[in-house]
Visitor: 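Okay, handing you the structure first.
Order of appearance sets the numbers: ligands from 1, and atoms from 1 within every ligand.
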Amino acid sequence: MIAIYDNSHLLHDPEYEIYDGAKINYPEVPDRIETIKNSLTQVDGVEFISPKSFDDKLVFELHSKQYVSYLKDTTKQIAPNRDLYPSNFIHDTYAPLTQGTFTAARKAVDTALRGAELVAQGDSLVYSLCRPPGHHAGGNYMGGYCYFNNAAAAANFLSKHGKVAILDIDYHHGNGTQELFYDRDDVLYVSVHADPSLNYPYSHGFEHERGRGKGLGYNQNFIVDKNCGTKPYMATFHQALSKINEFNADFLVVSLGFDGYRDDPIAGFNLSSEDYASIAKYIADVDSPTLLVQEGGYCVEALGELARVFTKNMMQHKNS
Ligand code: Q9C
Ligand code: ZN
């Protein structure tokens, strides 16, 4: 399995999050991806490569020129080691900007696109170690630690080569991804996440949101309770996976969040690393070449183990 990594994610390192009017430590830290990379380096059969630079037009197919320019121009004016809370093109208070944010976020798109290109060329399993994450970013906004929608960029790239399914197993609903494909029937979006009436992103992720126009039926939201544990989670996960299998896609993109893990500091379905191993096996059984795109997961001490267990099980089952 090829894994794609680039160190420009280190340029995005906000100091704080504003939560309930107070400054708290920013959970979406550079160590997340460093830990995952270091752990995967020890796994037999994983080979690392760097992304390359893809044309900006692939970004503009999803994000407006106005939004992209705002991000580029605003970050240029931020002093080193300062956080700026933007007042435009933003969904919530969870997307601080630093001087390096644009560069890091743009490279995360390249990381996802490189993975998509390899999968389009015949690789059966690739892992894009994207940071910052992407699934909360929409056409015109950042939010929820996300700036550009990496998984959506990969899915949109792959849609030129066949039918694409996106399975989003981050704890949070991918409101940005949902929005970007809401009118389309060539990209199916299926998400399993915590109840948005009690959890971020609050605005979207309800089960009645099923797509629009010819996209109707190509958006499927599945809700589980916070801390629900293995049994209820797996029951719902299997319903989601059967939608993916029915669609019979040519390519599968997995928005891979580890924030369902039991010790996650901001989220959690009370899932164990064994649960992530079995989730990986079931996803590997989907009969489509698969791109894993890193989204959330904030228990830094566990991320190395979770990524290792997940990829080992994916690799074993994908080729058997
Ligand atoms: N202090 C992703 O997992 N914060 N984004 C909610 C908790 C926002 C999560 C309040 C959570 C965003 C990619
Ligand atoms: Zn999340």
Visitor: Could you go step by step and tell me if H317 and K281 meet the side chain to side chain contact (heavy atoms under 4.5 Å, CB included) rule?
Guide: CA-CA 6 Å; H317 289 259; K281 283 180 207 165; 3.3 Å; yes

Visitor: Kindly confirm whether the Zn ion (ligand 2) is within less than 2.8 Å of some N/O/S atom in E295?
Guide: no

Visitor: What is the name of the N/O/S atom of D170 that is nearest to the Zn ion (ligand 2)?
Guide: OD1

Visitor: Closer than 2.8 Å to the Zn ion (ligand 2): does that hold for any N, O or S atom in H135?
Guide: no

Visitor: So, for G176 and Y141, which heavy atoms are closest and what is the spacing to 0.1 Å?
Guide: CA-OH, 3.9 Å

Visitor: Hey, can you tell me if F269 and Y171 have their rings parallel, tilted or perpendicular (30° and 60° cut-offs)?
Guide: tilted

Visitor: Show, in sequence, the C-alpha distance, side-chain angles and deciding distance for K57 and D55, and conclude whether the salt bridge (Lys or Arg N to Asp or Glu O under 4.0 Å) test is met.
Guide: CA-CA 5 Å; K57 79 175 200 295; D55 200 295; 5.1 Å; no

Visitor: Any idea which N/O/S atom from H172 gets closest to the Zn ion (ligand 2)?
Guide: ND1

Visitor: Just which atoms of ligand 1 are under 4.0 Å from any heavy atom in H135?
Guide: 13 (C)

Visitor: Got the closest protein heavy atom to atom 13 (C) of ligand 1, with its distance?
Guide: Y298 OH, 3.3 Å

Visitor: Suppose I only count heavy atoms of P133 and a 4.0 Å limit; which atoms of ligand 1 are within that range?
Guide: 13 (C)

Visitor: Would you say E295 touches ligand 1, if touching means a heavy atom closer than 4.0 Å?
Guide: no

Visitor: Parallel, tilted or perpendicular for F237 and Y282, by the 30°/60° rule?
Guide: tilted

Visitor: Is the shortest distance from a heavy atom of E17 to ligand 1 less than 4.0 Å?
Guide: yes

Visitor: Specify whether Y200 and Y202 have parallel, tilted or perpendicular ring planes, treating 30° as the upper limit for parallel and 60° as the lower limit for perpendicular.
Guide: perpendicular

Visitor: Under 4.5 Å between any side-chain heavy atoms of H204 and Q178, yes or no?
Guide: yes

Visitor: State if Y171 counts as touching ligand 1 under the rule of any non-hydrogen atom under 4.0 Å.
Guide: no

Visitor: Output the list of atoms in ligand 1 that are nearer than 4.0 Å to some heavy atom of H136, sorted by atom number.
Guide: 2 (C), 5 (N), 9 (C), 13 (C)

Visitor: Which atom, among the N/O/S set of D259, is closest to the Zn ion (ligand 2)?
Guide: OD2

Visitor: If you count every heavy atom of other residues, nucleotides or ligands that lies below 6.0 Å from N25 atom CG, does the total exceed 12?
Guide: no

Visitor: Quick one: which ligand 1 atoms are inside 4.0 Å of a heavy atom on D259?
Guide: 3 (O)

Visitor: How far is atom 4 (N) of ligand 1 from its nearest protein heavy atom, and which residue and atom name does that atom have?
Guide: Y145 OH, 3.6 Å

Visitor: Which of the numbered atoms in ligand 1 are under 4.0 angstrom from any heavy atom belonging to G144?
Guide: 2 (C), 5 (N), 9 (C), 12 (C), 13 (C)

Visitor: Verify, without hydrogens or angle tests, whether Y276 (side chain) and G260 (backbone) share a donor-acceptor contact under 3.5 angstrom.
Guide: yes

Visitor: Ring-plane angle category for Y145 and Y298, please: parallel below 30°, perpendicular beyond 60°, tilted otherwise.
Guide: perpendicular

